Structure formats: C-alpha cells, structure tokens
Amino acid sequence: MGDEQTTSKESPLSRTFSDGTHSVDIDIYEDGEGGWLLEIVDENNNTTVWEDVFDTDEEALSEALDALKEEGIGAFIGPVEAGDGESS
C-alpha cells in the first residue's frame, strides 16, 4: 500500500510579515517532490508566487525576507478587487 499524499504540507516557517502599516503572509509549502514553494499573499488576497523551487523551507523564507527588505512591502501589495469579476 502506497504512502502517497495529495495535499501539500505547509512549512512551520510560514508567517505573517508586517512593516507596521501593511501585512503580508509568507506561505511556504512542499511541492510533493521534495522541494519547497514560496508565495506571498497580501491583505487584499493578491498573490506573488516564485517560479523557483527551493531545496529547503529555510531557503524559501530567506528569499521572501530578502525580497521584502530590498523591494519594500508595498511592492507586494496589490489592488483591492472592485467587484466579483463583473465588467461592463
């Protein structure tokens, strides 16, 4: 019997990052093949996903923190959605 898991495991290093004004969630989770995926989710539920797969969750966290410090948290804050996909 297989030990397959179809759900990805979130890293215990996932966390919320705040600059005092804005907050984002740093989500790190397994890709199912031994690597780690990185995603930053802002307060408006916009996401920034890295295409790279990281060898460890520590590397993914380091990349996220470096990007937030270098680019500023504002670079990861997207617009508020104005509706439910309605367009005229």
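As the structure is a prediction and not an experimental result, all values here were calculated from the model. Scope of the values below: all heavy atoms of this structure, side chains included, with no hydrogens, waters or symmetry mates.
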Full working for side-chain contact (heavy atoms from CB on, under 4.5 Å) between V24 and I77: CA-CA 8 Å; V24 295; I77 305 291; 3.8 Å; yes

Student check: side-chain heavy atoms of E10 and D27 closer than 4.5 Å: yes

Which atom of D31 lies closest to which atom of G34, heavy atoms considered: OD1-N, 3.3 Å

Trace of the side-chain contact (heavy atoms from CB on, under 4.5 Å) decision for W36 with E59: CA-CA 9 Å; W36 292 90; E59 287 178 16; over 6 Å; no

Same apolar cluster (I L V M F W Y, side chains within < 4.5 Å links), I73/L61: yes

Separation of E58 CD from S11 OG (nearest 0.5 Å): 7.0 Å

Within 6.0 angstrom of N45 CG, more than 12 heavy atoms from elsewhere: no

Hydrophobic cluster identity match, I26 and V53, side-chain contacts under 4.5 Å: no

I40: which of D25, N46, L68 passes side-chain contact (heavy atoms from CB on, under 4.5 Å): L68

Cluster link V41 to L38, ILVMFWY, side chain under 4.5 Å: no

Stepwise side-chain contact (heavy atoms from CB on, under 4.5 Å) check, H22 with D42: CA-CA 8 Å; H22 297 287; D42 74 10; over 6 Å; no

Modelled atom types, side-chain donor and acceptor of W50 and E63, under 3.5 Å: yes

Shared hydrophobic cluster for F54 and Y29 (ILVMFWY, side-chain gaps under 4.5 Å): no

Atom pair CD/OG1 of E43 and T21 - distance to nearest 0.5 Å: 9.5 Å

Connected via hydrophobic side-chain network under 4.5 Å: L65 and I28: yes

Flag, side chain of T47 to backbone of V49, donor-acceptor distance under 3.5 Å: no

